[in-house]
Amino acid sequence: MNTSHAKVYVLVHGAWHSGHVWDRVAPLLTGAGHRVFAPSLTGHGEKEHLLGPDVGLDTHVADVVALLAEEELTDVVLVGHSYAGMVISAVAHQVPDRIAGLVHVDAMVPDDGETVLDVMPATRHLLDLAAASADPWRVPPLPERPAPAGLFGVTDPADAAWLRTMLSDESARCFQQPVRLDNPAADAIPRTHIHCVGSTPEGVTRRPVPETQPDGTPSRVWELRSGHDCMVTVPEELTELLLKAG
């Protein structure tokens with residue numbers, strides 16, 4: 001592991017999860033000499049009670065921007081899993097001077113003005129189901145499926161049981177609110193894409209990563225043999241890639 005200089009990692013969880021999903025990765029990064037922050041976004045983890053219909057993508061972007069400011073963090077390796085690809089992309093455009101690099105872990109990669117529904121149209125089915133419920137704004141987590149799909153790609157019973165302890169509903173507004181990517185200064189931030197190449201849920205298609213990054217350099221795309229929640233199933237392998245990306 002590269003421990004030549006300390007880095008700051010901010011690990012942002014995906015939809016329905018909490019910051020605790022990184023509990024197996026964070027100690028590996030700190031053990032390598034780096035600072036790690038893994039916040040729970042509004043409506044999740046210790047902030048689950050704050051979930052409401054007004055919580056949206058902008059709320060979660062503001063969560064991360066506030067953390068960077070409150071902790072006076074700079075040269076941050078900003079890591080986003082799944083839905084958090086939307087979050088970290090917007091954060092980079094709001095505070096590009098604080099970001100050393102972006103790492104998309106099996107994550108959405110939006111264009112300016114897009115929503116989660118644009119990036120991953122299969123999400124529409126979840127919102128349609130929620131719309132027919134008593135709380136149409138509340139979107140429950142994806143159901144567990146037989147292996148190899150499992151629960152977000154987690155199939156080991158003990159791992160799945162642990163993962164269930166940190167899952168909670170998401171606000172529909174998170175999937176409907178467009179992302180704002182309008183700061184040219186963010187183009188200079190290097191990006192790394194880590195694709196989990198284990199099981200892929202039926203109907204989900206990964207958007208291809210452009211061959212070049214916004215700064216004109218070749219895109220960096222790595223593959224990780226894992227289901228979607230790789231921080232649960234292969235934390236050591238993921239950590240090695242995060243250290244390499246940073």
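Start at 1 with the first residue, then count along the sequence.
Paired with His17 under the rule side chain to side chain contact (heavy atoms under 4.5 Å, CB included), one option of Leu41, Asp229, Val12 passes, and it is Asp229. Applying the side chain to side chain contact (heavy atoms under 4.5 Å, CB included) test between Cys230 and each of Ile194, Leu238, Val197 identifies Leu238 as the sole match. Checked against Trp22 for a side chain to side chain contact (heavy atoms under 4.5 Å, CB included), the options Val232, Leu28, Leu29, Val79 give a single hit: Val79.
Between Ser168 and Gly43, the closest heavy-atom pair is OG-O, 3.6 Å. Between Thr74 and Val8, the closest heavy-atom pair is O-CG2, 4.2 Å. Nearest heavy-atom pair, Pro178 versus Gly113, reported as atom, atom and distance to 0.1 Å: CB-O, 3.3 Å. Across Val10 and Pro39, no two heavy atoms sit closer than the pair CG1-CD, 4.4 Å. A pairwise comparison of heavy atoms in Val179 and Ala90 identifies CG2-CB, 3.7 Å as the closest pair. Closest heavy-atom contact between Thr233 and Gly153: CG2-O, 4.4 Å.
With hydrogens and angles disregarded, no donor-acceptor distance shorter than 3.5 Å links the side chain of Ser82 to the backbone of Ala107. At distances below 3.5 Å, at least one donor-acceptor pair connects side-chain atoms of Gln213 with backbone N or O atoms of Pro218. Side-chain atoms of Ser219 come within 3.5 Å of backbone N or O of Pro210 as a donor-acceptor pair. Counting only distance, with no hydrogens or angles, the side chain of Lys7 and the backbone of Arg35 share no donor-acceptor pair below 3.5 Å. Put simply, the side chain of Asp135 never gets that close to the backbone of Trp137: no donor and acceptor are under 3.5 Å apart.
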Arg173 and Asp58: CA distance, side-chain angles, deciding distance, salt bridge (charged side-chain N to carboxylate O under 4.0 Å, His left out) verdict: CA-CA 9 Å; Arg173 187 170 175 81; Asp58 284 354; 5.8 Å; no

Evaluation steps, side-chain hydrogen bond (donor to acceptor under 3.5 Å, both in side chains), between His93 and Asp112: CA-CA 10 Å; His93 279 257; Asp112 184 33; over 6 Å; no

Side chain to side chain contact (heavy atoms under 4.5 Å, CB included) evaluation trace for Leu243 with Leu241: CA-CA 5 Å; Leu243 290 169; Leu241 292 181; over 6 Å; no

From CA spacing to verdict: side chain to side chain contact (heavy atoms under 4.5 Å, CB included), Val221, His195: CA-CA 7 Å; Val221 182; His195 290 169; 3.6 Å; yes

Side chain to side chain contact (heavy atoms under 4.5 Å, CB included) assessment of Val116 paired with Asp118: CA-CA 5 Å; Val116 168; Asp118 295 318; over 6 Å; no

Side chain to side chain contact (heavy atoms under 4.5 Å, CB included) between Val76 and Tyr9, intermediate numbers included: CA-CA 6 Å; Val76 170; Tyr9 286 86; over 6 Å; no

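For Glu114, the salt bridge (charged side-chain N to carboxylate O under 4.0 Å, His left out) test picks out Arg207, with sequence neighbours left out. Residues that satisfy the salt bridge (charged side-chain N to carboxylate O under 4.0 Å, His left out) test with Arg24, not counting sequence neighbours, are Asp159.
Side-chain atoms of Tyr83 and His60 form a donor-acceptor pair, as typed in the model, at a separation below 3.5 Å. With hydrogens and angles left out, the side-chain atoms of Thr217 and Asp215 include a donor and acceptor closer than 3.5 Å. Between the side chains of Asp23 and His20, at least one donor N or O lies within less than 3.5 Å of an accepting N or O. One side chain, Thr192 or Arg220, offers a donor N or O that lies under 3.5 Å from an acceptor on the other. A donor-acceptor pair shorter than 3.5 Å cannot be found between the side chains of Thr42 and Thr59. No side-chain donor-acceptor contact under 3.5 Å links Ser18 and His13.
Val109 and Val105 fall into different hydrophobic clusters, where Ile, Leu, Val, Met, Phe, Trp and Tyr are joined by side-chain heavy atoms under 4.5 Å apart, directly or via other members. In the hydrophobic clustering of this structure, Val209 does not group with Leu224; members are Ile, Leu, Val, Met, Phe, Trp, Tyr whose side-chain heavy atoms approach within less than 4.5 Å, directly or through other members. Hydrophobic clustering keeps Val91 apart from Val55 (ILVMFWY residues linked when any side-chain heavy atoms are closer than 4.5 Å, directly or through intermediates). Under the 4.5 Å side-chain heavy-atom criterion for grouping Ile, Leu, Val, Met, Phe, Trp and Tyr, Leu127 is connected to Met108 within one hydrophobic cluster. Val25 and Phe37 fall within a single hydrophobic cluster, where Ile, Leu, Val, Met, Phe, Trp and Tyr are joined by side-chain heavy atoms under 4.5 Å apart, directly or via other members.
Annotation: side chain of Leu242 is in contact with side chain of Val103 (closest heavy-atom distance under 4.5 Å). Between Pro110 and Leu181, some side-chain heavy-atom pair lies under the 4.5 Å cut-off. In this structure, Val64 and Leu78 have side chains that are in contact, with non-hydrogen atoms separated by less than 4.5 Å. Val154 has its side chain out of reach of His228: every pair of non-hydrogen atoms, C-beta onward, lies at least 4.5 Å apart. Within the 4.5 Å cutoff, the side chain of Ser171 has no heavy atoms near those of the Val139 side chain. Annotation: side chain of Phe152 is not in contact with side chain of Glu144 (no heavy-atom distance under 4.5 Å). By the 4.5 Å heavy-atom criterion applied to side chains, Leu163 and Met166 are counted as neighbours. For the pair Leu51/His49, no side-chain contact is recorded, criterion being any heavy-atom separation below 4.5 Å from C-beta on.
Lys244 NZ to Thr239 OG1: the interatomic distance, rounded to the nearest 0.5 Å, is 14.5 Å. The CG atom of Leu117 sits 4.5 Å away from atom CZ of Arg124, with the distance rounded to the nearest 0.5 Å. Taking SG of Cys174 as the start and CG of Asp169 as the end, the distance is 11.5 Å to the nearest 0.5 Å. The NE2 atom of His5 sits 7.5 Å away from the NE2 atom of His34 when rounded to the nearest 0.5 Å. Atom OG1 of Thr115 and atom CE of Met86 lie 6.0 Å apart (nearest 0.5 Å).
A ring-centre distance under 6.0 Å is found for Phe175 and Trp16.
Within 6.0 Å of CZ on Arg225 lie no more than 12 heavy atoms contributed by other residues, nucleotides or ligands. Counting heavy atoms of neighbouring residues, nucleotides and ligands inside a 6.0 Å radius, atom CD of Glu46 exceeds 12 of them.
By the 4.0 Å N-to-carboxylate-O rule, Arg206 lies close enough to Asp106 to be salt-bridged with it. With salt bridges taken as basic N to acidic carboxylate O contacts below 4.0 Å, none links Arg138 and Glu170.
In this pair, His104 and His193 present their aromatic rings parallel. The plane angle is below 30°, not in the 30 to 60° band.
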